[in-house]
Amino acid sequence: MTAGTQGGEGPSRLFVAYLILTSMVCGALVMVEEVLGSRVIGPLFGVSLFVWTSLITVTLVALSLGYAAGGFLADRRQGPEWLYGIILLAGALVILIPFLKVPVLKGCLPLGLRSGALVSSLVLFGPSLFLLGCVSPYLIRIAAREMASIGRTVGLFYALSTVGSFIGTVLTGFVLIAWFRVNQIFLGCGVILIALAAGYFALFARRRALLILPVLPLFLLTPDPVMTKLLPNGVRATKLIDRDTFYGNLKVVEYEIGPSRTREMMLDGLVQGGIDVNRGISAYNASYFLGMLPYGMNPGGRECLVIGVGPGSTPTWYERRGIRTDVVDINPEVIGAAESLFGMIVSGEKVTEDARYFLNNAKKRYDYVVLDVFNGETSPGHVLSIEAFRLIRDRMSGQGILAINFVADLKTDTFPLASVVRTLEQVFMTVEINPLIDPATGDGVGNVVILAYDRPSLPFNFETVRDIPVHHLAYPVVSRFMGKKYRLAPNIPGTILTDDYNPLDWYDIRIKEKFRKLVLEAIDRDVLL
């Protein structure tokens, strides 16, 4: 007589119901762990195609091995206490993930971005996912003794597990990430698994003392302190914000040495820009190029649209020239941080929408359009297609200029930049490239500003921006490269990007990896993690 059949038909029904609950909960938590995986390794390894490939690979391999091991063990150790012992151990391993992530990620970094992402995913998530994979065959083996039809039993439990996975995916993406920190979610998932195991032992094995087990991990809950670290160069780094949003991990870090204070914004570990807190101006190059280049070619503009807010340096730059600026960003927390911590000034509309959705519905025309929606890790194809560029052109006045901030390789992997330029040339009369780096030195990877407009080539009038203050950290690049046009060789291959065919994410993978390496060399690991 098993624990599920003790006491007659009533307890057996209760036991089957508990098995159903177990199937749904474990199915849900598998997906919670997989979806949250990118938030654990993303700050160090990014959120590129290789990171998601690593997470999906580890999940599938771990579950497959778990299915095989669970089936083998279920035939030899048929008691439900073995199943719930496995679940108890899985819960303990999930709870350990927040405590292991920093040493594991640091240890895997020397392996490189691709291998490091795969190995860190395997070490952090593989063991618990393997144990959760053992659950399904064990459940079916046990339930088959309680239910008459084996076919219906297998179908029912796989269906319930899939329903649980659906619930876990939706809850993670739409609820949990918005309300809880990633460490708290992992702790909660571990507690749920331990509670599930303890519930079985209390209800069916009469070991009620084990009900204390789910309570013990709750003592690990502590408020996350503001992270302050004194760096080797004497700079004190303080995290003002470290928050997981629907659209990635948002950090605001302030660096202080003596009277100097610089504040920067990071999304998924990549710097989006920053300001000198004392002077209230940008300390980063890109915002000056996105402002000065269009303004120096068309100083009479009155309306500006900035798509992709970051710390708000670019819209603030235009507003200080008396130009009414509307901003669009998909992430409301970015807009909030730009206003509260970076002093963003916007007299126009602040719109929280996807860029393409906004362009499809907007009616207003602008003299300047700035497209800066790239976090250095992914290039959103839906705003880098011929259809999207046509929508942008429709939102521009006759004198309008489009400025795009883009991460490019000017030496070897030129296909992505050439493709964007070729596509723009199908829509606009003039397309020009202004690098923020010297193409002849280094590896050729860095920011470029692409200008596009429906007029013959315009000269850049440096006199119109001569008296505009430039931060001393940005001045060497601004003074050297502002207005210096760069031409791609006519034989460089590129393709026309469309909504139907847009392989940009594949072709610029190596560029993003190079860019990520530059970040890892420049930023302290503890600040990133």
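Worth knowing before you read on, the calculation uses all heavy atoms, side chains too, and leaves out hydrogens, waters and symmetry mates. Worth saying up front: this structure is predicted, and the values here are computed from it rather than measured.
With hydrogens and angles disregarded, a donor-acceptor distance shorter than 3.5 Å links the side chain of R455 to the backbone of Q399. Under the 3.5 Å distance criterion, the side-chain polar atoms of R263 are left unmatched by any main-chain donor or acceptor of V277. With hydrogens and angles disregarded, a donor-acceptor distance shorter than 3.5 Å links the side chain of T325 to the backbone of I323. Although no hydrogens or angles enter the test, the distance criterion places no donor-acceptor pair under 3.5 Å between the side chain of S260 and the main chain of I257. Not a single donor-acceptor pair under 3.5 Å links the side chain of T414 to the backbone N or O of L410. Between the side chain of Q184 and the backbone N or O of R181, at least one donor-acceptor pair lies under 3.5 Å.
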Handout entry: From CA spacing to verdict: side chain to side chain donor-acceptor pair (under 3.5 Å), E256, T238
Key = CA-CA 8 Å; E256 182 178 2; T238 302; 5.8 Å; no

Exercise for the section: Test R395 against K364 for side-chain contact (heavy atoms from CB on, under 4.5 Å), laying out the working first. Expected result: CA-CA 6 Å; R395 302 277 58 79; K364 189 175 177 180; 5.6 Å; no

Handout entry: Verdict with supporting geometry, T498 and E387, side chain to side chain donor-acceptor pair (under 3.5 Å)
Key = CA-CA 7 Å; T498 68; E387 294 87 352; 4.9 Å; no

Problem - Audit row: L497, F389, side-chain contact (heavy atoms from CB on, under 4.5 Å) steps and yes/no - result: CA-CA 10 Å; L497 304 171; F389 291 150; 5.9 Å; no

Handout entry: Working for side chain to side chain donor-acceptor pair (under 3.5 Å), residues R390 and Q426
Key = CA-CA 9 Å; R390 286 170 179 161; Q426 304 301 305; over 6 Å; no

Practice task
Evaluate the criterion salt bridge (Lys or Arg N to Asp or Glu O under 4.0 Å) for residue pair D499 and R356; output intermediate values, then yes/no.
Solution key: CA-CA 12 Å; D499 288 345; R356 187 70 179 267; 2.7 Å; yes

Exercise for the section: Please test K101 against F186 for side-chain contact (heavy atoms from CB on, under 4.5 Å), starting from the C-alpha separation and ending with a verdict. Expected result: CA-CA 12 Å; K101 69 176 183 179; F186 276 112; over 6 Å; no

Practice task
Could you go through the side-chain contact (heavy atoms from CB on, under 4.5 Å) check for V119 and S121 one step at a time?
Solution key: CA-CA 5 Å; V119 174; S121 300; over 6 Å; no

Practice task
Dump the intermediate steps for side chain to side chain donor-acceptor pair (under 3.5 Å) on H382 and D354, then the final yes or no.
Solution key: CA-CA 10 Å; H382 69 299; D354 175 78; 2.9 Å; yes

Exercise for the section: Might you work through the salt bridge (Lys or Arg N to Asp or Glu O under 4.0 Å) test for E339 and K350, ending with a clear yes or no? Expected result: CA-CA 11 Å; E339 288 186 302; K350 296 187 287 287; 3.4 Å; yes

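More than 12 heavy atoms of other residues, nucleotides or ligands shown are found within 6.0 angstrom of CG on N361.
Between the side chains of S128 and E33, a donor-acceptor pair is found at a separation under 3.5 Å. Side-chain contact annotation: T412 with D409, donor-acceptor N/O pair under 3.5 Å present. There is a side-chain donor-acceptor pair under 3.5 Å between D242 and N249. D326 and Y366 are linked by a side-chain donor-acceptor pair at a separation below 3.5 angstrom, with hydrogens and angles left out of the test. In this model, no donor atom of one side chain and acceptor atom of the other lie less than 3.5 Å apart for N502 and S385. Counted by atom type alone, S313 and S287 present zero donor-acceptor pairs between their side chains at under 3.5 Å. Between the side chains of T245 and N331, a donor-acceptor pair is found at a separation under 3.5 Å. E432 and Y453 are linked by a side-chain donor-acceptor pair at a separation below 3.5 angstrom, with hydrogens and angles left out of the test. Between the side chains of Q272 and Y284, no donor N or O sits under 3.5 Å from an acceptor N or O. For the residue pair S397/E303, the side-chain donor-acceptor check at 3.5 Å is not satisfied. A side-chain donor-acceptor contact under 3.5 Å links S457 and K485. Between the side chains of N285 and N447, no donor N or O sits under 3.5 Å from an acceptor N or O.
Contact between A474 and Y288 at its shortest, heavy atoms only, is CB-CE1, 3.7 Å. A pairwise comparison of heavy atoms in A355 and I307 identifies CB-CG2, 3.4 Å as the closest pair. Across every non-hydrogen atom of E264 and Y255, the tightest pair is OE2-OH, 3.1 Å. The nearest pair of heavy atoms linking T262 to A283 is CG2-CB, 4.3 Å. Between P311 and G273 the shortest heavy-atom distance is CG-C, 3.6 Å. For the pair K484 and N434, the tightest heavy-atom approach, listed with the atom from each and the gap, is N-OD1, 3.3 Å.
By the 4.0 Å N-to-carboxylate-O rule, R236 lies too far from E254 to be salt-bridged with it. In summary, R480 and D438 engage in a salt bridge, as defined by a charged side-chain N under 4.0 Å from a carboxylate O.
Annotation: side chain of F481 is not in contact with side chain of I437 (no heavy-atom distance under 4.5 Å). Side-chain contact check for F125 versus T59: every heavy-atom pair is 4.5 Å or farther apart. Between I281 and R320 there is a side-chain heavy-atom pair separated by less than 4.5 Å. The side-chain heavy atoms of I241 and K251, taken from C-beta on, include no pair separated by under 4.5 Å. Under the 4.5 Å side-chain criterion, counting only non-hydrogen atoms from C-beta, L176 is not in contact with W179. M297 is listed as a side-chain neighbour of I401, based on a closest heavy-atom distance under 4.5 Å. No side-chain heavy atom of R422 sits under 4.5 Å from any side-chain heavy atom of T495. Here the side chains of D372 and V306 are not in contact, with every heavy-atom distance at 4.5 Å or above.
Between T352 atom OG1 and I330 atom CD1 the span is 9.5 Å, to the nearest 0.5 Å. In this structure, the separation between CG on L100 and CD1 on I97 is 8.0 Å, given to the nearest 0.5 Å. Going from atom CD1 of I386 over to atom CG of D500 covers 12.5 Å, rounded to the nearest 0.5 Å. In this structure, CG in L105 is found 5.5 Å from OG in S120, a value given to the nearest 0.5 Å.
Under the ring-ring contact (aromatic ring centres under 6.0 Å, His included) criterion, the residue pairs touching residues 298-333 are Y295-W317, Y318-Y368, with sequence neighbours excluded.
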